[in-house]
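Keep in mind that this is a model prediction, so the values were computed, not measured. A note on names: the letters A, B, ... follow the listed sequences, proteins ahead of strands, and every chain is numbered from 1.
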2 protein chains.
Amino acid sequence: MADRKGKQLTDYPRPSVAVDTAVLTVAHGQLCVGLLTDGRSPKRRLPGTFLHEGETLADAVRRSLREKAGIEGVEPVQLHVFDAPGRDTRGWVITVANLATVRADAVGSLPLIPVGDAAGLDFDHDDIVKLAAMRLRADYSEHPDPAGLLTQPFKIGQLRELHAAVAGELSQPDTFRRRMLPRLSAVGIERRGSVGKPAALFRRITID
Amino acid sequence: MADRKGKQLTDYPRPSVAVDTAVLTVAHGQLCVGLLTDGRSPKRRLPGTFLHEGETLADAVRRSLREKAGIEGVEPVQLHVFDAPGRDTRGWVITVANLATVRADAVGSLPLIPVGDAAGLDFDHDDIVKLAAMRLRADYSEHPDPAGLLTQPFKIGQLRELHAAVAGELSQPDTFRRRMLPRLSAVGIERRGSVGKPAALFRRITID
DNA sequence: AGAATAGTGTCTGTGAGACAGTATGGT
DNA sequence: ACCATACTGTCTCACAGACACTATTCT
């Protein structure tokens, strides 16, 4: 038998474990992803790094985003492990795909590309971007701004425009309002600013 | 910089990468999980193995189930990577949790425990079982027998009992029928067997 | 007054859930 | 005749989607 204690931990070859992160944000009314161009390949790629000893995957994601893009304080979400044997020509590398959703003013130095235009990336990063966008859209279709992209409190119109950017289509204002209201808590009225009836201000309901 | 080509692939310490699999099935009207007791720990655990070079995670899952329980032909579903630094006292090991759903007559030598009773397992295997059960229940709440546990064709009553076992509660026959019918295709009538009106036979609709 | 934005009343359709009924077989 | 199982008619409730209407502010 090959599973005596200790044997596998020392004798077997081990893969390099990487993390790659789709940094998603909403800019110019569109869902965008942050892409790097580094020297290793002419193709664009997602920011990533190899996992260090004593480090969690989430910490590795935070380190890679801090070092490569100056992004701080993200809470990554694990998506999927990509493990195709030939996916990295440099050797045996598996990667844990992650999603980090950040505000557009916090993407640091990372160039943003609309997710629809993010094709032809290095490795399997096209698939990671698709997965990340699907996940974010699924989350936003059920909850008001689950990633906390809006500054609280916010107006329903702002929330609707954000959701439109994420989903790629604008919903009816009345339907959207009624679907979101049960998950919002009113905290006052817009003081004043532009034309029109002052809007009510809301926060997300934390307890669900 | 520490990301010159080749450097990380050779210089950094690498984790052992394991797969651990919650083998779920329905037996005695209950959702059950297959648990091992091996010599390494007094606690029960999920079947697992270390990832070998040139092998995908799904192949490692299939190998571990074949070798440790005689289970063949499963299609594992990736759930989550568990990476807590101290999760394995033998060293630096991260594990990819998987779900494999099999028929009760195909669990081989694996002892079955109702998922509700599967607590106090080794490592973080309690969490893996919970995750796997949540995932399977979510799948079954939306589709008729997505894991293919029933022999086709089947009667709606059989499908309802299977779903009751997975969900842990029996739904109303008429509501269940109407919810599932749009996703089923009628293929005939029960020839005869027990008392009562002969039931219609169905297959799952593949195109969705 | 008119434009612009916020919000409501109400109709329609759909689908879950529940109750009671009908249909078809065995004993 | 009676029971057991399969299936259907129909009512209620809730909610999404759409249209038209009212409300409140600025210019």
Practice task
Check the angle between the aromatic planes of A/Tyr12 and B/His52 and answer parallel, tilted or perpendicular using the 30° and 60° thresholds.
Solution key: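 Answer is parallel, since the angle falls under 30°.
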
Practice task
Classify the ring geometry between A/Phe82 and A/His80 as parallel (under 30°), tilted (30 to 60°) or perpendicular (over 60°).
Solution key: perpendicular

Exercise for the section: Please say which of B/Arg45, B/Arg44, B/Arg87 ends up in a salt bridge (charged side-chain N to carboxylate O under 4.0 Å, His left out) with B/Asp122. Expected result: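 Checked B/Arg45, B/Arg44, B/Arg87 against B/Asp122; only one passes salt bridge (charged side-chain N to carboxylate O under 4.0 Å, His left out): B/Arg45.
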
Exercise for the section: Check A/Leu170 against A/Ala164 and note the closest heavy-atom contact, atom names and distance. Expected result: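 Shortest heavy-atom contact: CD1-CB, 3.4 Å.
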
Exercise for the section: Identify the two heavy atoms, one from A/Asp83 and one from B/Ala58, that lie closest to each other, and give their separation to 0.1 Å. Expected result: OD2-N, 4.2 Å

Problem - Side-chain ion pair, B/Asp105 and B/Arg103, N-O less than 4.0 Å - result: no

Practice task
Any chance you could measure A/Ile128, atom CD1, to A/Leu99, atom CG, to the nearest 0.5 Å?
Solution key: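 The CD1 atom of A/Ile128 sits 11.0 Å away from the CG atom of A/Leu99.
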
Problem - Gap between atom CG of A/Leu46 and atom CZ of A/Phe123 - 0.5 Å precision - result: 10.5 Å

Handout entry: Whole-Å gap separating P (C/dC19) and CD (B/Gln172)
Key = 7 Å

Problem - Segment of DNA chain D, first to last nucleotide, that comes within the 4.0 Å heavy-atom reach of chain A - result: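 Boundary nucleotides touching chain A, in 5' to 3' order, are D/dA16 to D/dC26.
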
Exercise for the section: Using a 4.0 Å cut-off on protein heavy atoms (strictly under), produce a 5'-to-3' string for nucleotides 1-12 of chain C with B for base contact, S for backbone-only sugar-phosphate contact, and - for none. Expected result: ---BBBSBBB--

